[in-house]
Amino acid sequence: MTAPWIAHQTQSLLAQRGHAWLLQGPSGLGQYELALALASAWLCEQPSAHGACGQCPSCHAIAVRTHADLAVLMPETQMLELGWPLSEKAQTDIDDKKRKPSKEIRVEAMRDLVEFAQRTDARGRGKAVLVFPAERMNAVTANALLKTLEEPPGDVRFVLATEASHQLLPTIRSRCQTHTMVWPQAEQAMDWLAGQGVQAPVAEALLRSAGGRPENVLRQNSAGLTPAWWAALPKAMLQGGASHLSDLSPAQAIDALQKLCHDLVLRASGAEPRFFMGSQLPTTTASLATLTDWFKRLMQSARTAEHPFNAGLMLEALANDAQQALLSRV
Ligand SMILES: [Zn+2]
């Protein structure tokens, strides 16, 4: 089921002309879903103003990830997560443990794209290129894409989706029409989450901890970060409870602690907390300066969180640091 705010944006983008779209906005608002809806509509054999029909051979080919006229450029980790097949060579290398799936969009993928752009479409509806997250291109791949964007063979359309448009080459941004993702209404988000099996009280609490981004709710929910877990996090950290973090990856733990710290900073400045209920936040003697320092340390940790020396030790260090900050009296 397409979320209503995505359906609405698909319709509005299809009503405009454009051969290259850049969808930008914070994560969790559905950039990828919108990009795919747009590309599917471009390639659909019976599209309507609402988008792709979902029934034709082209829509079916996209659903099973085998459309010859759709090129998907993503980091391999992302492709695996979203169920897109890797090239045979890449899959073999990874299966043989020659290397790990890449977290960037690879130069080889970009070379394939150049070939793709030059060949004739297979189904007579033109071709589409989907890039997500576009900020995962390095200088080489970004420049290669730029060349294709600058001189597109007539029948190729592009949709780039990004969660960090400031990291893109300005020349790429200027070649695209920009669309800023629309933030869903809380009620819309709740309805949609109910349709995905996350019921009202849980959805409400999770939506709060996800900063109002419904996609992130689904991710949190499937990662076992239940509302009860969130509610108990502040007090667990006050007691130095590293075990509360034990099911999380270091990156998830840092994200959760940043939200806690963020809310404590808000409260210390007299504002309403955003991710937690006021009653869930612990009484702390920590000063604004201490909290700010803690936040900076969390940001530093985030940089090494993808390759921690030892995930268990890192979680323990994070919990210790949180407790010290919360108990500090300076
Ligand atoms: Zn169709």
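Start at 1 and go down the list; that is how both ligands and their atoms are numbered. In what follows, residues are counted from 1 in the order of the sequence shown.
Put simply, the side chain of Leu260 reaches to within 4.5 Å of the side chain of Leu281, judged on heavy atoms.
Side-chain atoms of Gln16 come within 3.5 Å of backbone atoms of Ser12 as a donor-acceptor pair (strictly under, hydrogens ignored). Here the side chain of Asp121 pairs no donor or acceptor atom with the backbone of Asp69 at under 3.5 angstrom.
Counting only protein N, O or S atoms, the number found under 2.8 Å from the Zn ion (ligand 1) is 4.
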Only pairs under 3.5 Å count here: list side-chain donor-acceptor contacts from residues 235-244, not counting sequence neighbours, and write none if there are none.
unit_1	atom_1	unit_2	atom_2	d
His244	NE2	Trp229	O	3.0
His244	NE2	Trp229	NE1	3.4

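Remark: Lys97 engages no residue in a salt bridge (Lys or Arg N to Asp or Glu O under 4.0 Å) (not counting sequence neighbours). With sequence neighbours left out, the salt bridge (Lys or Arg N to Asp or Glu O under 4.0 Å) criterion links Glu135 to no other residue.
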